[in-house]
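Before any comments, here is the structure.
The chains referred to below are lettered A, B, ... by the order of the sequence lines, with proteins before strands, and numbering in each begins at 1.
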There are 2 protein chains.
Amino acid sequence: MRTTSSDPIAVWMGLMGLVMDHKLLAQGLLQEASGMPWSRYRALRRVEDRGWSQRELAEAMRVDASAMSGIVDDLVERGYAERVTHPQDARMKLVTITESGRDLMEHLRTLPGVVPPPVATLTHAERRELARLVDKMRAAAEA
Amino acid sequence: MRTTSSDPIAVWMGLMGLVMDHKLLAQGLLQEASGMPWSRYRALRRVEDRGWSQRELAEAMRVDASAMSGIVDDLVERGYAERVTHPQDARMKLVTITESGRDLMEHLRTLPGVVPPPVATLTHAERRELARLVDKMRAAAEA
DNA sequence: TATTGTTATACTCTATAACTATA
DNA sequence: TATAGTTATAGAGTATAACAATA
């Protein structure tokens, strides 16, 4: 039974390990279920709700615009997303999800291990406390 | 002011963002300070205390043995680590840190931003609570 | 035979720089 | 001029497979 001490470095390592391990697991499951690399899932998840410009997507994913082009190219080739010129500003491309893309996301949600993440095993009160701590750390990190 | 809701997915995304952002920041600072990629730092940090076999290192870093060879190659070339045949089992190579490697790690510790991580901004009680939550999530993730 | 490590190769992810098209 | 996106290229990180050396 692992016990993380309250030493800042130890706590941070525990946190990184938790996040990285889950990401590795999710990546593996995604690859198995869809043959798709992780970056595609990250992008597709965002365009589920509404159309995003590639610029918006790139900023949200903290990825360069050139990398974003490749990711969207691939999603379009796979038939999970569409890329259309923005009606108001022809410089922009709007990325939207297709029916096939929705089906895929729906399917992925049924896979155990990816969603819910480890956080879901906490109680509601614990999640609220964790959210508060994350907010505090983010605020400090951004300052 | 960002406020993470207690929805499991939202909390998890906040946690991932925090970890990934800090990793990006640390990577940049490391590159600037030493010209070294992140994987070298990860390995060097582990061999600070004692010699590790490459197999041990690979498992701890969750990296393939072939990738580990390249990482150690580079650390040896830079003069931060040494690779010697294990005295008891000639199949193994023991990776140890050099004086130059110790100096580098000592220097990196003085850089603001890398260490201490965001966790250090929490109070002692908050860190203990965070450590408890991380342990609980890890236990669930491993089950 | 099993284990440790190496080499060759390939794929993912990312950024930089130079480019095109549009505002 | 400034912004959105594309293309070419390069470096980091990783895994797979075939291999050599040692147990």
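A heavy atom closer than 4.0 Å to some atom of DNA chain C occurs in S53(B), Q54(B), these being the qualifying members of residues 44-54 of chain B. Within residues 85-92 of chain B, the residues that have a heavy atom under 4.0 Å from DNA chain D are, in order of number, D89(B), A90(B), R91(B).
As rounded to whole Å, 13 Å separates atom C1' of dT4(C) from atom CE of M68(B). The distance from atom OH of Y41(B) to atom P of dA12(D) is 19 Å, rounded to the nearest whole Å. Atom-to-atom, CD of E59(B) to P of dA15(D) comes out at 13 Å; the value is rounded to the nearest Å. Note: CG (D74(A)) to C1' (dT6(D)) measures 16 Å, nearest angstrom.
Residue-to-nucleotide contacts include a donor-acceptor pair under 3.5 Å from the side chain of S66(A) to the base of dT16(C).
For R109(B) and E48(B), the salt-bridge test passes: some basic side-chain N is under 4.0 Å from an acidic carboxylate O.
Two residues are said to be in side-chain contact when any heavy atoms from C-beta on lie closer than 4.5 Å; R83(A) and T96(A) fail this criterion.
For E82(B), there are no salt bridge (charged side-chain N to carboxylate O under 4.0 Å, His left out) partners, not counting sequence neighbours. Remark: R46(B) engages no residue in a side chain to side chain donor-acceptor pair (under 3.5 Å) (not counting sequence neighbours). Evaluation of the salt bridge (charged side-chain N to carboxylate O under 4.0 Å, His left out) rule for R102(A) yields no partner, not counting sequence neighbours. For R40(A), the salt bridge (charged side-chain N to carboxylate O under 4.0 Å, His left out) criterion is met by D74(A), not counting sequence neighbours. Contacts of K23(A) classified as salt bridge (charged side-chain N to carboxylate O under 4.0 Å, His left out), with partners at least two apart in sequence or in another chain: none.
Other members of a hydrophobic cluster containing M92(A) are absent, since no ILVMFWY side chain comes under 4.5 Å of it, directly or through relayed contacts. With side-chain heavy atoms closer than 4.5 Å counting as contact, directly or through intermediates, the hydrophobic cluster containing L94(A) also holds V84(A).
Not one side-chain nitrogen or oxygen of R55(A) sits closer than 4.0 Å to the OP1 or OP2 atom of dT22(C). Listed pair K93(B) / dT6(C) meets the phosphate criterion, a side-chain N or O lying under 4.0 Å from OP1 or OP2. When the side-chain nitrogen and oxygen atoms of R83(A) are compared with OP1 and OP2 of dT6(D), one or more of them lie within a distance under 4.0 Å.
The side chain to side chain donor-acceptor pair (under 3.5 Å) contacts involving residues 24-34 of chain A comprise nothing, where partners must be two or more places apart or lie in separate chains. Residue pairs meeting the salt bridge (charged side-chain N to carboxylate O under 4.0 Å, His left out) criterion with at least one member in residues 55-67 of chain B, sequence neighbours excluded, are D21(A)-R62(B), R50(B)-E56(B).
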Nucleotide N/O of nucleotides 11-14 of chain C paired with protein N/O under 3.5 Å:
from: dC13(C); atom 1: OP1; to: W38(A); atom 2: N; distance (Å): 3.1
from: dC13(C); atom 1: OP1; to: S39(A); atom 2: N; distance (Å): 3.3
from: dC13(C); atom 1: OP2; to: S39(A); atom 2: OG; distance (Å): 3.0
from: dC13(C); atom 1: OP2; to: R40(A); atom 2: NH1; distance (Å): 2.7

